Amino acid sequence: MKSYIQILTTPTADTSGTSLLLHFDNKRYVIGNVAEGTQRAIVQIGTRVLKTNEIFMTGRAEWANTGGLIGMILTLADSSASSAQSKREERKKGPKGFKQNSNNVVAAERAKFTIFGAPNLNYTLAAARRFVFRKGMPLETREITDKDAKRDAAGAWLPTWFDDNIKLWAMAILPSRSGAKGVNDMSKGTMSPRKRSFDMLNGVESANGSDQDEQEKRSMRDQLTKSVVSAMFNSSWRLDSLVEMPLKDVQLPAALFVRDPETKETKRYAGPMPGGAREVPDITVLVRRPWPGAQIEDLPPTTPSTEAISYIIRNHPQRGRFRPDKAIALGVEVGRNWSELTNGRSVVNKDGITITSDMVLEPGKQGGGVVIADLPTEDYVEAFVVREELKSKDVMDGVGAFVWLLGPGVSSNPTLRRFMDEMKHLKHIVSSKYHCPNRLVFDSVASSTLRLHQIDPARYPIPIYDNDTVSQADPKTHGLTIGPLPAYATVAERGQILQLEPTFELQEHQIVPVLDTKAVIEETPGEVLQLATAAQEAINEDRQELDSWADSIPNKDAEIIALGTGSALPSKYRNVSATLLRIPGQGSYLFDCGENTLGQLRRIYRPHELAEVLQDLKMIWISHLHADHHTGTVSVIKAWYEEVHKATPPSNPLSAEDIAKIPALAFINQNRLAVVSSDSMLHYLHEYSSVEDFGYSRIAPLSITPAQPNERKPSSMSWFPPPSPTGATVIPASLLNLRDVQAVAVQHCHGAKAVSVTFPTGFKVSYSGDCRPSKAFARIGKGSTILIHEATFDDELRGDALAKKHSTTSEALGVGAAMGARAT
């Protein structure tokens, strides 16, 4: 039976972590980091992960390692559901089809996913309950702690988990020194300075009890988060399930229905709505019940975990080859008894004598294995190298290699080097941004961009990459001496294979070749380049007219950079939604922030240029809670936090009372990054801030109400969570150095909004997010300088646009015309 591990990603600007795939014919296992960009990288190299039911996360539970996990789960869930649906269709074809495929159908319909990882894995997923929901996908999470390392009665180490293919020993490694470098802790300001008042408002008491109290609280929190995660992926909730409630108690936005008292027919409610100018009638309406995971308003706060998870993974022992000559000599009849002996079971021969399998099988061999060691800082080295499992023959017999996932300076640590020297009879593969160059991962889009650069170099810059230099530019390496690896160690490369069975060997025939950029450029047909030159000349002939138009608009030097225009599924050629607006002298603004937005920025801007973008970043707008529009937000905020505030929280944080009384205090000399969105998005960031210090203490989380243009009711922004129990603290746009910010509800999903932002100069940008054409959006966007509107479908696919609540190209242009936008 063949099995092997393939390296899917190494640390680059595109993929910050290392991902591995353990491959058996009947099953796959994802191991390592599931960082942002991982799925897209898998699509790029064409690896199939459909047979995956287990993910073994390594390292700490922090965004650098888990940022792509939500997207990965959703894709696996959808793929599994699609596969199950296909098998159900096969079953419907007739009795013969049913008999042949029924077992497969049942297995597909009952597929269960299990994710192993560090403490706070459950919390990370549960915090996403407002925007992640799938039915019929049982998902179990197992948080690894030192309690999972157990021995049997004879003192042998028991595997943490096993199935028909592998045994796995998980190791939760704690840093050797308290306050270790790179470890999130409460003293660094992981919790928001507003956390105290938020907890008070929600009835959460201070955590100053006994150790037993803390253990009870942790146990209750873990039970709650596990139940939330279960409800997120395996509930029986139905979209058409309606509940009755008084109209005055309904929270908008929501779809409301009423039942005709005579016909009992259910129809949409079309009367006055709560919060509007007209008084609502005293009636009962029908409202869709929210999915179960979203009914938990607040998770009890957690604290950052310091455990970093590593694994020992080993195939089961391989039985020796069956010897027919020995079976015949021992009087075993041909047929089922031979099969039983081959499978390791004893039989009785024709003379009534028991024949055991070892009597007819050649000597077997131990299954091949590997150690996956994730050490984020040097503080984890000593605790790792003294692990008893690594010295146990029962565990390590058959292990042929270490795959090292190493943080800054770890590879040069003397203790680790001594350990590696002791183990140099094994293979060592090192994956680290301090030894792996910043090569292009998304080859397809890079090739496309190189060709477009030949046609229009001003608008299509060459991606920033380096095929040779190590270590990669990183402020964390400042002052560190990164020495070369030992001669017996190999640098990890994308596509590299570590074969476990039938023989153990490191194979390089599937390593993904480095993109030959020169060859890509030379492939561009000369005819295309001639047409491009002619087009540029034609444009230059109208240069005076174009310059005149540019002179007529404010901030004519503003830049709009499309960082991602793709759909929800990973694509070779397009990243998911994100648009950067740069206005010299005013700042930078992000409109939506899909997964791997930071990676896109790192490919466009050199390190010193990216530092300028982050220093100038003033606001992030999130239009709605579909994951492809916001799961890059945490990493962008963290990069901004590290660049602008050196990852240091405020020394004298403002109290909730200060913000409630004088909102301007939150902005004066604070250099905050405004994150403007719905309550649900801000609640997500707030809860996740207790998992790690990503910079929440330095942002301005602003909730925005939808304007109602027909009733002349504008939007208003307020601090989230409300610092005062008496009501919202309104934040005027002037505190963000803006003239106005207006948003309206649009037709796409619950809570979706389009926005218009007006700058002091009169420059006005309107951004739709995903939606159907909106008259209300056209009204708030009147006189826009720039309209950025989605156009997911061509005009001939208007039916699809209606069904999926998107817009066509002509519809987007129609909104621009209704606004009178200068450019669309």
Side-chain angles (χ1 to χ4, degrees), residues 6-16 19 35-49 68 71 433 436-470 472-473 492-496 508-536 560-580 594-607 609-610 628 632:
Q6 185 171 31
I7 297 174
L8 302 178
T9 68
T10 60
T12 67
D14 297 317
T15 52
S16 62
S19 301
E36 293 183 51
T38 299
Q39 276 195 96
R40 198 174 171 210
I42 291 172
V43 170
Q44 177 64 58
I45 63 175
T47 300
R48 294 179 60 83
V49 293
K433 68 185 300 182
C436 300
N438 183 24
R439 291 174 178 163
L440 294 165
V441 172
F442 307 132
D443 309 295
S444 297
V445 69
S447 298
S448 176
T449 303
L450 287 167
R451 296 186 187 101
L452 290 168
H453 176 78
Q454 293 175 273
I455 295 170
D456 190 349
R459 288 172 178 79
Y460 294 96
I462 294 175
I464 306 300
Y465 70 97
D466 190 327
N467 290 334
D468 303 304
T469 305
V470 291
Q472 300 174 32
E493 295 196 56
R494 197 165 47 119
Q496 202 170 40
E508 300 188 348
H509 65 279
Q510 289 199 38
I511 289 178
V512 179
V514 175
L515 181 65
D516 188 341
T517 54
K518 183 179 179 181
V520 170
I521 292 170
E522 290 175 349
E523 286 171 0
T524 305
E527 182 182 355
V528 171
L529 297 178
Q530 290 173 7
L531 289 171
T533 301
Q536 291 287 358
I560 295 174
I561 299 98
L563 299 172
T565 59
S567 60
L569 293 175
S571 164
K572 282 185 181 183
Y573 291 96
R574 293 192 294 169
N575 202 53
V576 289
S577 298
T579 301
L580 176 68
E595 181 182 324
N596 214 28
T597 294
L598 183 60
Q600 294 290 94
L601 289 167
R602 285 174 171 159
R603 284 298 184 210
I604 294 173
Y605 298 107
R606 297 189 181 278
E609 295 170 328
L610 178 57
D628 57 308

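Every value quoted in this text rests on a predicted model; they were computed, and no experiment measured them.
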Of all residues at least two apart in sequence or in a different chain, which pass the side-chain hydrogen bond (donor to acceptor under 3.5 Å, both in side chains) check with [X]?
X	result
E36	W63, S635
S448	none
E609	none
D466	T469

In chain order, what residues pass the side chain to side chain contact (heavy atoms under 4.5 Å, CB included) check against [X], with sequence neighbours excluded?
X	value
S16	A35
T579	I560, F591, Y767, I788
R48	L50

Test side-chain contact (heavy atoms from CB on, under 4.5 Å) on Q454 and I521 and set out the steps. CA-CA 8 Å; Q454 293 175 273; I521 292 170; 3.3 Å; yes
Point-to-point distance, once rounded to the nearest 0.5 Å, from CD1 of I45 to CZ of R40: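 I45 atom CD1 to R40 atom CZ measures 14.0 Å (nearest 0.5 Å).
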Looking at OG1 of T449 and CZ of F442, how far apart are the two atoms once the value is rounded to the nearest 0.5 Å?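 It is 12.0 Å, given to the nearest 0.5 Å.
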How would you list, by chain and number, every residue that makes a salt bridge (charged side-chain N to carboxylate O under 4.0 Å, His left out) with [X], sequence neighbours excluded?
X	answer
E523	R451
R494	D443
D456	R459

If only atom types and distance count, is the side chain of Q39 paired as donor or acceptor with the main-chain N or O of G68 below 3.5 Å?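 Judged by distance alone, no pair lies under 3.5 Å.
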Determine whether a donor-acceptor pair (N or O, by modelled atom type, separation under 3.5 Å) exists between the side chain of S571 and the backbone of G566.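 Answer holds: no.
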Is there side-chain contact between I462 and L450, with at least one heavy-atom pair below 4.5 Å?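 A side-chain contact under 4.5 Å exists here.
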Check residues 510-520 and write down every donor-acceptor pair under 3.5 Å in which the side-chain atom is one partner and the other belongs to a residue at least two apart or another chain.
{"unit_1": "D516", "atom_1": "OD1", "unit_2": "K518", "atom_2": "N", "d": "3.3"}
{"unit_1": "D516", "atom_1": "OD1", "unit_2": "A519", "atom_2": "N", "d": "3.1"}
{"unit_1": "T517", "atom_1": "OG1", "unit_2": "Y465", "atom_2": "OH", "d": "3.2"}

For [X] versus [Y], what's the shortest heavy-atom pair and its separation?
X	Y	answer
G594	A578	N-CB, 4.1 Å
V43	K572	O-CE, 3.7 Å
S567	V576	O-CG1, 3.2 Å
I455	A532	CG2-CB, 3.6 Å
C436	V470	C-CG1, 3.6 Å
S19	T38	OG-CG2, 3.4 Å

Evaluate side-chain hydrogen bond (donor to acceptor under 3.5 Å, both in side chains) for E493 paired with T10, printing each intermediate quantity in order. CA-CA 7 Å; E493 295 196 56; T10 60; over 6 Å; no
Criterion side-chain hydrogen bond (donor to acceptor under 3.5 Å, both in side chains) on S447 and S444, from CA distance to verdict: CA-CA 5 Å; S447 298; S444 297; over 6 Å; no
Decide side-chain contact (heavy atoms from CB on, under 4.5 Å) for Q6 and T47; before the verdict, give the C-alpha distance in whole Å, the side-chain angles of both, and the deciding distance to 0.1 Å. CA-CA 10 Å; Q6 185 171 31; T47 300; 4.0 Å; yes
Review item, side-chain donor-acceptor pairs of residues 598-606, under 3.5 Å, at least two apart:
{"unit_1": "Q600", "atom_1": "NE2", "unit_2": "L563", "atom_2": "O", "d": "2.7"}
{"unit_1": "R603", "atom_1": "NE", "unit_2": "D14", "atom_2": "OD1", "d": "3.1"}
{"unit_1": "R603", "atom_1": "NE", "unit_2": "D14", "atom_2": "OD2", "d": "3.1"}
{"unit_1": "R603", "atom_1": "NH1", "unit_2": "N438", "atom_2": "OD1", "d": "3.1"}
{"unit_1": "R603", "atom_1": "NH1", "unit_2": "I464", "atom_2": "O", "d": "2.7"}
{"unit_1": "R603", "atom_1": "NH2", "unit_2": "D14", "atom_2": "OD2", "d": "2.8"}
{"unit_1": "R603", "atom_1": "NH2", "unit_2": "N438", "atom_2": "OD1", "d": "3.4"}
{"unit_1": "R603", "atom_1": "NH2", "unit_2": "R439", "atom_2": "O", "d": "2.6"}

